[in-house]
Novice: 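After the structure tokens below, expect a handful of questions from me.
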Protein chains: 2
Amino acid sequence: MVTPLYQAKAELFRTLGHPARIRILELLAERNHAVHELLDAIEIEPSNLSQQLAVLRRAGLVSQHRDGATVVYSLSVPDVRDLLVAGRGILLAILSDQDSLRAELRPARRRSR
Amino acid sequence: MVTPLYQAKAELFRTLGHPARIRILELLAERNHAVHELLDAIEIEPSNLSQQLAVLRRAGLVSQHRDGATVVYSLSVPDVRDLLVAGRGILLAILSDQDSLRAELRPARRRSR
DNA sequence: TTCGCATATGACGATTTCTTCATGTTAGGC
DNA sequence: GCCTAACATGAAGAAATCGTCATATGCGAA
């Protein structure tokens, strides 16, 4: 299976495109977490959490290892932190854009064009 | 509509989670492009391209302006480049992981566990 | 004004993703 | 061994996404 680069990239981003998976990665970016810790931190059904973790595993973004009865997850690619940070930056940029746009449209005073 | 931050972040990444949209953004990261230029560079139906551009517009990632009969698109959030670069880094990390794993599994020599 | 090119929009079936529920597996306490 | 807790997996319906087709709009040339 020869996957073009841009398609692999799209799949990577799509893997991040889910609220639960984002939260998981952000928690793992802080420190390793056991599944039950993630479960406490995120509002989600246990089986759903397992599914989302499986998605991240298949994508190669996280790894697991057993510690007695619990399973601990960690980021297997540290650079994921960069992505999350960059994502936050973009969000802020977009939101402030929207705010200034809103501010521009709302008041009585108008600008040309 | 009060959107939690992690959900907005997930939507941002989902917006990037499509091969055509990735290609569009990469082209726009180089320089502004008219729609027909994108059309030449990407293998895609014109109407499909318009749809993908609309998705990117709604997400606030690109902006358009008319120039005569053609429409020129540009990145409205320059930081998108950071995301693309970070994405490439992660891909490379994952791929080299897989390669070393493959190399480890393939040959006759075995390791414990 | 009429034509044709460049682009956008709407709608529809096909596929994919998501959530939930039921069930399976592993490990430690008794 | 038996029970329970901690996770994982499989299946199935609901919802979202994708690509295509038909159609609409904006603009310049003739």
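We use all heavy atoms of the structure for the numbers below, so side chains are in, but hydrogens, waters and symmetry mates are not. In what follows, every chain begins at residue 1, and chains take the letters A, B, ... in the order their sequences are listed.
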Novice: If I take atom NE2 in residue His33(B) and atom C1' in nucleotide dT7(C), what distance separates them, rounded to the nearest angstrom?
Specialist: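 Checked: the NE2 to C1' distance equals 17 Å.
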Novice: Answer yes or no: are there more than 12 heavy-atom neighbours, outside Arg81(B) itself, under 6.0 Å from its atom CZ?
Specialist: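 For Arg81(B), atom CZ is crowded (more than 12 foreign heavy atoms under 6.0 Å).
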Novice: May I ask you to evaluate whether Gln64(B) reaches the phosphate of dA8(C), defined as a side-chain N or O under 4.0 Å from OP1 or OP2?
Specialist: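 Yes, within the criterion.
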Novice: Would you classify Gln52(A) as touching base, sugar-phosphate or nothing, given that sugar-phosphate means primed atoms plus P, OP1 and OP2, and contacts are heavy atoms under 4.0 Å?
Specialist: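 Sugar-phosphate, no base atom in range.
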Novice: Looking at every strand, decide which applies to Ser50(B) at a 4.0 Å heavy-atom threshold: base, sugar-phosphate, or nothing.
Specialist: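 Answer is base: heavy atoms of Ser50(B) come under 4.0 Å of a base.
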Novice: Take the protein atom CD of Glu37(B) and the nucleotide atom P of dC5(C), then report the distance between them rounded to whole Å.
Specialist: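 After rounding, the gap between these two atoms is 19 Å.
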Novice: Could you tell me the separation between the CG atom of Leu49(A) and the P atom of dA8(D), rounded to a whole number of Å?
Specialist: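 Going from CG in Leu49(A) over to P in dA8(D) covers 8 Å.
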Novice: Give a yes/no answer on whether the side chain of Arg14(B) brings an N or O atom under 4.0 Å of OP1 or OP2 in dT17(D).
Specialist: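 Answer is yes, contact under 4.0 Å.
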Novice: Check for a donor-acceptor pair, side chain of Arg23(B) on one end and backbone N or O of Tyr6(A) on the other, with a separation under 3.5 Å.
Specialist: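 It does not hold such a pair.
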Novice: OP1, OP2 of dA6(D) versus side-chain N and O of Tyr73(A): anything below 4.0 Å?
Specialist: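 No.
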Novice: In whole Å, what is the span from the CD atom of Glu45(B) to the C1' atom of dA6(C)?
Specialist: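 The answer, rounded to whole Å, is 15 Å.
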Novice: For Ile44(B) and dT7(C), give me the distance from atom CD1 to atom P, rounded to whole Å.
Specialist: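 Computing the Ile44(B):CD1 to dT7(C):P distance gives 13 Å.
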Novice: When you measure from the side chain of Arg57(A) to the backbone of Gln64(A), do you find a donor-acceptor pair of N or O atoms at a distance under 3.5 Å?
Specialist: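 Here the side-chain-to-backbone pair does not exist.
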Novice: Expressed as a whole number of angstroms, how long is the span from Asn48(B):CG to dC12(C):P?
Specialist: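 My rounded result for the distance is 18 Å.
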Novice: Quick check on dT9(C): is either OP1 or OP2 less than 4.0 Å from any side-chain nitrogen or oxygen of Arg57(B)?
Specialist: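 Yes, Arg57(B) has a side-chain N/O under 4.0 Å of OP1/OP2 on dT9(C).
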Novice: Can you tell which of dC18(C), dT20(C), dT7(C) lies closest to the side chain of Arg21(A)?
Specialist: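 Of dC18(C), dT20(C), dT7(C), dC18(C) is nearest to the side chain of Arg21(A).
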Novice: When the distance from NE2 of His65(A) to P of dA8(D) is rounded to whole Å, what number comes out?
Specialist: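 Taking atom P of dA8(D) as the reference, NE2 of His65(A) is at 13 Å.
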Novice: Taking OP1 and OP2 of dT25(D), is either one under 4.0 Å from a side-chain nitrogen or oxygen of Arg66(B)?
Specialist: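 For dT25(D), OP1/OP2 do not have a side-chain N/O of Arg66(B) under 4.0 Å.
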Novice: Looking only at side-chain atoms of Leu53(B), point me to the closest of dA8(C), dA8(D), dA6(C).
Specialist: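 Of the candidates, dA8(C) comes closest.
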Novice: Would a distance-only check, ignoring hydrogens and angles, find a side-chain to backbone donor-acceptor pair under 3.5 Å from Gln7(A) to Pro4(A)?
Specialist: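 Judged by distance alone, no pair lies under 3.5 Å.
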Novice: Starting from the 5' end of DNA chain C, give me the residue, Gly17(A) or Val72(B), whose nearest nucleotide shows up first.
Specialist: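 Its nearest nucleotide being more 5', the pick is Val72(B).
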Novice: Between Ser74(B) and Asn32(B), is there a donor-acceptor pair closer than 3.5 Å when you use the side chain of the first and the backbone of the second?
Specialist: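 No: the side chain of Ser74(B) does not pair with the backbone of Asn32(B).
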Novice: Atom NE2 of His18(B) and atom P of dT17(D): how far apart are they, to the nearest Å?
Specialist: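 Spelled out: NE2 on His18(B) to P on dT17(D) is 11 Å.
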Novice: Hey, which sits more toward the 5' end of DNA chain D by its nearest nucleotide, Ala69(A) or Gln51(A)?
Specialist: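 Residue closer to the 5' terminus by nearest nucleotide: Ala69(A).
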Novice: Below 3.5 Å, does any donor atom in the side chain of Ser47(A) face an acceptor in the base of dC21(C), or the other way round?
Specialist: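 Under the 3.5 Å cut-off, the side chain and the base do form a donor-acceptor pair.
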